[in-house]
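What follows is a set of notes on a single structure, which appears directly below.
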Amino acid sequence: MGRDVHYILNLIKNHQFCRKAIQQIHAQLVFITAENTSSPASAIPILLTLWNSLIRHYSLGIYPQESFLLFKHLKFQYGRIVFFDSFTYSFLIKGSANLGEFRVGKQVHCLSLKDGFESHVYVQTALVNMYGECGVLGEAKKVFDEMPVRNWVTWNALISSFVKWGDVSVARGLFDLMPEKNVVSWTGIIDGYTRMGRFDEALSLFKEMVVVEGIKPSEVTLLAIFPAIWNVRCLECCRMIHGYGEKSGINAFDIRVVNSLVDAYAKCGSMEDGVRAFEDISDERRNLVSWTSVISGYAMHGMAKEAFDSYKMMMDEGIEPNRITFLSMLNACSHGGLVDEGLEFLRKMVDEFGIQPDIKHYGCLIDMLGREGRLEEAEKIALEIPNTMSNVVIWRTLLGACSFHDNADMGERVMQKIMEMENKYGGDYVLLSNILAGMGRYVDSEGVRRVMDEQNAIKAPGISFT
DNA sequence: TTCTACCAGA
């Protein structure tokens, strides 16, 4: 037993996470070991429970590998006298799922079969989930098919696996086959449709779930349905969800739902409702995401002053902005024509908050400078973006600005740059040829068109969802 | 003490 304690002590030393829990378990282990030095075998049932807890903590941590190491060690030491139970295997399988590595999970799977868990619902369901999480859907389906007994969780685990990997039609097939569906099943399939951009189907399923089946949506259901709501700009849906959230108490206990509501109102065109929802949040619950949601709402509504005020109030409450807050502020500056303020925000972000700009910040900046016709500065920044990060979108933004402000010289330089990065996209040729034609340089314009034809670049017709 | 749904904000 002494070697055990040593081993576990080493594990604990190596990691800081779950420290308290592990220390408690460790203390108990030492205690039990001391109590039972004369007959270690009698301590095994209690020890198994503690080992299981330890394995559980490791499997949930950032280094699930440790749970396998511990298991291996215990198996090697006590394999002859200890029989691991369904808890041990559930935790180990969960650990493999968190690791995202199905080869490890496969080994645990084999061991669990050897120990006789081939028809244990919890262990087998954990396996379905593990294979599903790892994207080995064939294997997940196989385990599912061979299970003599399944429960709701088993079905839902398989459905969410197919949703996760983008196969909504198979998920839907399973959903339709399910003898009884609960809120998790409905949420899973609704989430699948939302993620695939099939918003109308997501909304009609949501309606069917609530109206026809009388199933109460959970907070997860609401979080899943929000993107569908604002993509179809359904203000009425926002109000209904808002009311339901208040009545059911979901708004009171899940700040994420209220924050999404603020965001959804803004995206559906009603900043007034968004602000009202935001102002209803108590000071203690209002967090960074709440503030960023309202700021981004103001930004998209062109209300730069309000965005600035909110930013200031947020700072006064001692909440630190992050990269998304700054992106929203840049967006507000861009829409309000406040170029210098925007540049100042970027400086603050880097110097005072130590946040390095990413490609979206740069994109916003170039868009902002480009709108105001400060093309030289925009080009200078575009050239300064590290190559590893830079993309063709940045240059297309600049090209658009060149087109808007009739700067053909820079347009040609930018075009050159775009061709270097990606010489098959027709839209840029069209844009440049339009710039040249707009300036009366028809011969050059024609030349660009010809190059375009020679390269077989085809401009995809523009599509707008709005 | 075991198995299921979440992208809160660009």
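Order of the sequence lines sets the chain letters (A, B, ...), proteins ahead of strands, with each chain counted from 1.
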query: Any salt bridge between K360(A) and D358(A), counting N to O under 4.0 Å?
result: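 Looking at D358(A) together with K360(A), the answer is no, because their closest N to O distance does not fall below 4.0 Å.
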
Tell me, which of [range] have any heavy atom that sits under 4.0 Å from an atom in DNA chain B?
range: residues 165-188 of chain A; answer: V184(A), T187(A)
range: residues 262-279 of chain A; answer: D263(A), K267(A)
range: residues 326-347 of chain A; answer: L327(A)

message: Could you work out, with side-chain hydrogen bond (donor to acceptor under 3.5 Å, both in side chains) as the rule, every residue matching D115(A), not counting sequence neighbours?
response: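 D115(A) satisfies side-chain hydrogen bond (donor to acceptor under 3.5 Å, both in side chains) with Y89(A) only.
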
Does [X] reach a base, just sugar-phosphate, or nothing at all? Heavy atoms under 4.0 Å.
X: N322(A); answer: base
X: S218(A); answer: base
X: N151(A); answer: base
X: S86(A); answer: base
X: R323(A); answer: nothing
X: L261(A); answer: nothing

query: Mind checking what makes ring pair (Phe, Tyr, Trp, His ring centres under 6.0 Å) contact with W291(A), not counting sequence neighbours?
result: F278(A)

- prompt: For F345(A), what residues pass the ring pair (Phe, Tyr, Trp, His ring centres under 6.0 Å) criterion, not counting sequence neighbours?
  reply: F308(A), Y311(A)

task: Only pairs at least two apart or in different chains count here, so list each salt bridge (charged side-chain N to carboxylate O under 4.0 Å, His left out) that has a residue in residues 286-305 of chain A.
output: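 Those involving residues 286-305 of chain A are D283(A)-R286(A), K305(A)-D309(A).
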
field: For E101(A), all residues meeting salt bridge (Lys or Arg N to Asp or Glu O under 4.0 Å), sequence neighbours excluded
entry: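 Once residues adjacent in sequence are excluded, the partners of E101(A) under the salt bridge (Lys or Arg N to Asp or Glu O under 4.0 Å) criterion are R103(A).
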
field: With E341(A) via salt bridge (Lys or Arg N to Asp or Glu O under 4.0 Å) - residues at least two apart
entry: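 Applying salt bridge (Lys or Arg N to Asp or Glu O under 4.0 Å) to E341(A) gives none.
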
DNA chain B: 5'-most and 3'-most nucleotides touching chain A, 4.0 angstrom heavy-atom criterion: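 Counting from the 5' end, contacts occupy dT1(B) to dA10(B).
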
What side-chain donor-acceptor pairs closer than 3.5 Å can you find for residues 138-145 of chain A, not counting sequence neighbours?
from	atom 1	to	atom 2	distance (Å)
E139(A)	OE2	K106(A)	NZ	3.4
K141(A)	NZ	D145(A)	OD1	3.2
K141(A)	NZ	D145(A)	OD2	3.1

message: Using ring centroids (six-membered ring only for Trp), state whether F175(A) and W186(A) fall under 6.0 Å.
response: yes

field: D167(A) and S169(A) side chains, donor-acceptor separation under 3.5 Å
entry: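 Note: S169(A) and D167(A) side chains meet the donor-acceptor criterion.
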
- prompt: Hey, are S328(A) and T325(A) close enough side-chain-wise for a donor-acceptor pair under 3.5 Å?
  reply: no

- request: Any pair with a residue in residues 320-340 of chain A that passes ring-ring contact (aromatic ring centres under 6.0 Å, His included), sequence neighbours left out, goes on the list, sorted by first then second residue, please.
  value: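 Sorted pair list: F326(A)-F353(A).
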
message: Are there over 12 heavy-atom neighbours, none belonging to F253(A), within less than 6.0 Å of that residue's CZ?
response: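 Correct, the count exceeds 12.
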
